2 protein chains.
Amino acid sequence: MNKNIYLQIFNDYSDKIQKGQLVPGTKLPSENDITVEYGTSRETVRKALNLLAQYGYIHKVRGKGSYVLDIGRMDFPITGLISFKQMSKKFGWDTKTHVDEVKRVPANAEVARQLHIPANEPVWRVTRAREIEGERIILDKDYFLSSIVEQLSEEIASHSIYEYLEGVLQLKISYAKKEISVEEVTAEDRRLLDLHDFNHIVVVKNYVFLENTTLFQFTESRHRLDKFQFVDFARRVHGEDLP
Amino acid sequence: MNKNIYLQIFNDYSDKIQKGQLVPGTKLPSENDITVEYGTSRETVRKALNLLAQYGYIHKVRGKGSYVLDIGRMDFPITGLISFKQMSKKFGWDTKTHVDEVKRVPANAEVARQLHIPANEPVWRVTRAREIEGERIILDKDYFLSSIVEQLSEEIASHSIYEYLEGVLQLKISYAKKEISVEEVTAEDRRLLDLHDFNHIVVVKNYVFLENTTLFQFTESRHRLDKFQFVDFARRVHGEDLP
DNA sequence: AAGTGGTCTAGACCACGCG
DNA sequence: GCGTGGTCTAGACCACTTC
């Protein structure tokens with residue numbers, strides 16, 4: 001039970017902040033106090049506090065202390081990877097998934113470029129419409145390298161593909177690059193979504209990599225304009241501009 | 001010159017990766033090797049490598065090593081805070097700023113709510129259109145608490161307000177919350193931007209906080225649909241779902 | 001078994017804010 | 001001067017990969 005002390009500390013304090021037991025604007029105990037509280041070393045405490053700061057729960061000021069922020073419980077944290085399934089569970093939405101297609105096809109030029117593979121290489125194409133509170137709002141188009149994901153089915157696609165990939169296939173998904181832009185609505189969007197008379201659609205492109213740094217999935221999530229939101233938390237870097 | 005060794009290591013390696021001296025897919029020296037290379041301790045090296053991982057330069061795998069990624073130099077890194085001025089400089093765009101208004105006004109209900117102040121509290125309202133390559137594409141509407149920013153002028157607004165705030169007023173901007181959504185075009189958008197016949201516009205709302213955790217600025221950046229892009233780098237958290 | 005990264009410790013000194 | 005957070009050290013043990 002003494003494993004990952006810093007995660008324990010992180011979870012304890014993020015819970016307290018989310019539950020309002022620690023009021024925004026107030027100070028956390030000092031690092032030394034927390035060190036004593038958990039009977040651990042200061043570097044371990046600092047690791048936990050830095051995580052809290054990274055997630056927007058607290059803000060640290062040298063010479064003063066760590067302050068509780070009021071944006072720890074964010075409305076829509078897409079920052080980081082989070083699947084549709086996790087999201088809807090988190091917000092208690094009434095959701096449904098409509099699988100339009102699960103098919104192994106040769107990659108067309110566009111997809112081949114996105115996945116960095118030769119054209120006509122076989123890929124799984126999965127097309128799903130997401131219904132939230134009675135309206136079809138999101139169109140997910142996934143492409144998987146079929147050299148890595150050998151089998152797929154409508155059955156799997158109607159649940160969580162990620163659970164299948166990580167649970168059954170034991171793939172280790174490690175990081176992703178995400179791009180948000182706006183495109184014109186296509187005939188397919190119109191066919192599969194409740195689009196009213198919108199002419200544009202928000203497109204979130206997601207390039208997903210495995211632990212061995214191979215790109216194995218490309219996903220295009222097409223969101224109806226009026227239902228799209230993205231929230232981010234950013235820290236300003238003083239002095240050097242790192243990025 | 002031996003200050004902030006971990007930043008030194010971070011900068012050295014991020015430079016090497018950006019310049020292509022370290023090829024994507026190859027391995028970095030082990031943490032122990034780098035420790036020797038810099039004559040420092042392993043925790044310091046790890047601090048640098050974790051930063052590199054956070055910025056998407058490398059990917060660490062337990063038992064194997066740290067691998068160079070090819071997405072370190074991203075096209076459009078708004079992740080983090082970056083101003084229009086920094087952006088255009090970075091990409092060498094031909095840009096112009098048109099100041100429409102710099103005025104101290106009583107906050108209306110909407111702005112008061114955003115800034116968490118009583119209605120009619122005085123704020124500076126700054127409205128600027130950004131022209132890129134000959135087209136007015138972005139409309140920036142800034143609101144500053146006038147209790148913190150006492151003076152402002154068209155002169156300042158036409159350059160970088162942030163340089164003024166940080167350089168002259170010595171304000172310490174520490175973090176921000178960013179929200180991206182899509183709204184319907186307003187008459188003001190039409191008046192100040194080259195909107196063609198778009199009916200919607202991408203809105204980036206930015207809540208900016210000072211080091212003492214006071215919210216002092218609210219900015220609404222309105223981007224023409226076809227010119228908007230946002231790129232993010234995300235890591236998957238195994239095991240516990242932290243956020 | 002050897003090498004890798006992940007966690008942790010018990011100290012140390014420094015930079016900063018405040019009374 | 002004291003308390004705060006920021007950096008750093010020289011070790012230790014563990015989990016994982018590879019041979």
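Here the structure is a predicted model, which means the values were calculated and not measured. Proteins get letters first, then strands, A, B, ... in listed order; numbering begins at 1 in each.
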Q: Sugar-phosphate atoms are those with a prime plus P, OP1 and OP2; base atoms are the rest. Using that split, label each nucleotide of nucleotides 11-19 of chain D B, S or - for protein heavy atoms under 4.0 Å, 5' to 3'.
A: -B--BBSS-
Q.
Do Tyr207(A) and Gln114(A) make a side-chain contact, defined as non-hydrogen atoms from C-beta onward lying under 4.5 Å apart?
A. yes
Q. Taking for each residue the nucleotide of DNA chain C bearing the nearest heavy atom, is the 5' side occupied by Thr40(A) or by Asn32(B)?
A. Asn32(B)
Q: Measure the distance from NZ on Lys27(A) to P on dG17(C) and round it to the nearest whole Å.
A: 13 Å
Q) So, does Asn11(B) use its side chain to make a donor-acceptor pair with the main chain of Leu7(B) at under 3.5 Å? A) yes
(Q) Is the phosphate of dA10(C) approached by Ser41(A) (side-chain N or O, under 4.0 Å from OP1 or OP2)? (A) no
Q. Leu49(B) CG to dT4(C) P: how many Å, rounded?
A. 13 Å
Q: Check salt bridge (Lys or Arg N to Asp or Glu O under 4.0 Å) between Lys64(B) and all other residues, then give those that pass, not counting sequence neighbours.
A: none
Q: Could you tell me which residues satisfy salt bridge (Lys or Arg N to Asp or Glu O under 4.0 Å) with Glu220(A), sequence neighbours excluded, listed by chain and number?
A: Arg222(A)
Q. Between Lys47(A) (NZ) and dG6(D) (C1'), how many Å, whole number?
A. 17 Å
Q | Passing candidate, side-chain contact (heavy atoms from CB on, under 4.5 Å) with Thr35(B), options Val45(B), Thr44(B), Ile9(B) | A | Val45(B)
Q: Using atom NE2 of His59(A) as one end and atom C1' of dG17(C) as the other, report the distance to the nearest whole Å.
A: 14 Å
Q | Between C1' of dT9(C) and CD of Glu31(A), the distance in whole Å | A | 15 Å
Q. Where the side chain of Thr44(A) is concerned, which of dT9(D), dG6(D), dC8(C) is the nearest nucleotide?
A. dC8(C)
Q: In whole angstrom, give the distance that lies between atom CG of Asn4(A) and atom P of dG5(C).
A: 18 Å
Q. In whole angstroms, how far is the P atom of dT9(C) from the OH atom of Tyr6(A)?
A. 13 Å
Q. Rounded to the nearest Å, what distance is computed from the CD1 atom of residue Ile5(A) to the C1' atom of nucleotide dT7(C)?
A. 8 Å
**Q.** Flag for Gln8(B)-Asp12(B): side-chain donor and acceptor within less than 3.5 Å
**A.** yes
Q.
Can you identify which nucleotide, out of dC8(D), dG6(C), dT9(C), has its nearest atom closest to the Lys60(B) side chain?
A. dG6(C)
Q | Centroid-centroid distance, Phe10(A) to Tyr55(A), less than 6.0 Å | A | yes
